[in-house]
Student: 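My questions all concern the structure below.
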Amino acid sequence: MATVIDGKASAQALRNTLAETVTALKNDHGLTPGLAVVLVGEDPASQVYVRNKAKQTVEVGMESFEHRLAADTSEADLLALIDSLNADDRVHGILVQLPLPAHINESKVINAVSHDKDVDGFHLINVGRLNTDGDGVVPCTPLGCLMMLKSHLGDLTGMTAVIVGRSNIVGKPMAALLLQANCTVTIAHSRTKDLEALCRTADILVAAVGRPRMVPGSWVKPGATVIDVGINRIEEDGKNRLVGDVDYDSAAAVAGAITPVPGGVGPMTIACLLHNTVQQAKRIKGIE
Ligand code: GUN
């Protein structure tokens with residue numbers, strides 16, 4: 001049976017370190033890092049994420065600013081709010097929860113956030129940095145995945161990594177990070193031929209497609225490390241369940257290690273958001 005990679009414990013450890021850093025920033029520099037989260041509309045899953053983010057921000061000693069806007073908020077009003085947050089010295093990180101309502105241009109909004117206050121790593125400048133000198137802020141979900149992979153496997157050099165899913169939020173930045181870590185990387189997607197055979201070549205298999213239990217154990221190379229980014233709500237046996245993109249039971253029987261859902265990637269993503277906020281606060285203030 002596979003080792004279970006405990007994202008909850010890793011996230012707690014990271015938050016403990018961050019809380020110490022925040023205390024030192026307050027004492028030594030009079031700096032309290034602040035994170036602003038903007039939610040447009042009432043998507044229930046997004047509301048849960050935003051509540052968790054705000055709670056954990058305060059728990060590590062940072063300041064949290066929450067902006068909940070109606071679903072019919074105009075793009076101009078959202079851009080005006082972002083401008084005011086860009087100019088607010090108490091705010092060092094700005095996150096606009098995605099997806100946005102269809103009448104708002106997502107890319108315009110993402111790039112309106114100052115790249116110095118971007119804590120998602122979605123701004124074009126930070127995407128460019130990640131893919132060139134590696135010196136920008138890194139998207140939270142893939143950063144959390146990389147931290148768990150390194151703490152479980154150590155040096156990733158020479159490993160074969162297959163990422164299923166080509167999103168801007170996970171698949172593409174995950175590929176950039178694993179490439180920087182000297183893996184041989186393939187991004188697979190819905191048009192990939194013989195996906196099963198490709199997945200079976202992977203020492204590291206990352207599933208990030210948003211399809212419940214799409215990857216069965218028969219696609220997993222024996223001993224591989226499986227990272228399941230999916231968070232899918234399904235109705236099963238009359239119950240509401242949270243399941244990943246990997247069929248956990250069959251994959252855990254073959255893999256060397258695997259992240260569970262819930263309790264794997266999810267908690268690490270939020271901890272990495274706090275990490276990015278601290279990083280941006282230090283960068284803005286010129287603190288090493
Ligand atoms: N929606 C789902 N994941 C994310 C994320 O990492 N950042 C933002 N801003 N929205 C999301």
Side-chain angles (χ1 to χ4, degrees), residues 7 11 14 34-54 56-57 64-69 71 73 75 78-79 81-82 85-86 91-102 104-127 130 136-148 163 165-177 206-211 227-233 242 244-245 259 261-262 264-277 279-280:
L14 180 53
L35 171 64
V37 175
V38 181
L39 173 63
V40 185
E42 268 119 46
D43 177 59
S46 293
Q47 284 184 325
V48 174
Y49 292 140
V50 167
R51 203 172 320 128
N52 284 336
K53 283 168 189 164
Q56 295 186 24
T57 303
S64 168
F65 305 91
E66 233 179 283
H67 295 269
R68 291 167 181 263
L69 308 180
T73 299
E75 185 180 284
L78 177 57
L79 292 171
L81 171 62
I82 291 171
L85 295 171
N86 281 338
V91 174
H92 307 94
I94 302 170
L95 177 142
V96 181
Q97 183 69 31
L98 304 178
L100 287 166
I104 295 177
N105 181 331
E106 215 156 81
S107 139
K108 204 165 163 183
V109 168
I110 286 168
N111 291 300
V113 172
S114 158
H115 64 82
D116 285 327
K117 294 191 176 184
D118 169 24
V119 280
D120 266 323
F122 296 165
H123 190 289
L124 285 174
I125 288 189
N126 288 318
V127 175
L130 177 62
V137 68
V138 175
C140 306
T141 303
L143 178 59
C145 295
L146 184 75
M147 286 180 182
M148 287 191 287
I163 301 155
R166 55 177 154 180
S167 69
N168 293 332
I169 295 182
V170 184
K172 287 177 199 161
M174 186 80 251
L177 287 175
V206 180
V209 273
R211 287 180 56 188
I227 304 289
D228 190 350
V229 178
I231 300 179
N232 309 289
R233 249 175 222 291
L242 215 52
D245 291 347
T259 59
V261 177
V265 174
M268 274 304 278
T269 296
I270 300 185
C272 286
L273 171 67
L274 307 180
H275 165 87
N276 282 351
T277 305
Q279 187 191 329
Q280 292 295 49

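Index from 1, following the sequence. Values below: every heavy atom of this structure, side chains too, minus hydrogens, waters and symmetry copies. Every number for a ligand or one of its atoms is a count from 1 in the order of the listing.
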Student: Write out all pairs satisfying side chain to side chain donor-acceptor pair (under 3.5 Å) with one or both partners inside residues 34-54, taking only residues at least two apart or from two chains.
Tutor: Asp43-Ser46, Lys53-Gln97
Student: Name the residues with a heavy atom less than 4.0 Å from ligand 1?
Tutor: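 For ligand 1, the contacting residues are Leu95, Val96, Gln97, Leu98, Asp120, Phe122.
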Student: Going by the salt bridge (charged side-chain N to carboxylate O under 4.0 Å, His left out) test, which pairs reach into residues 107-122, not counting sequence neighbours?
Tutor: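 Sorted pair list: Glu75-Lys108.
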Student: Are the side chains of His275 and Leu143 in touch, meaning some heavy atoms are under 4.5 Å apart?
Tutor: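 Yes; the side chains approach each other to less than 4.5 Å.
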Student: Report the residue from Leu273, Thr277, Val113 that forms a side chain to side chain contact (heavy atoms under 4.5 Å, CB included) with Leu95.
Tutor: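 Among the candidates, only Leu273 passes.
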Student: Got Val265 and Met148 here, is their nearest side-chain heavy-atom distance under 4.5 Å?
Tutor: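 Side chain of Val265 against side chain of Met148, heavy atoms only: contact under 4.5 Å found.
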Student: Taking only residues two or more places apart in sequence, or in another chain, which ones meet Arg211 in a salt bridge (charged side-chain N to carboxylate O under 4.0 Å, His left out)?
Tutor: none
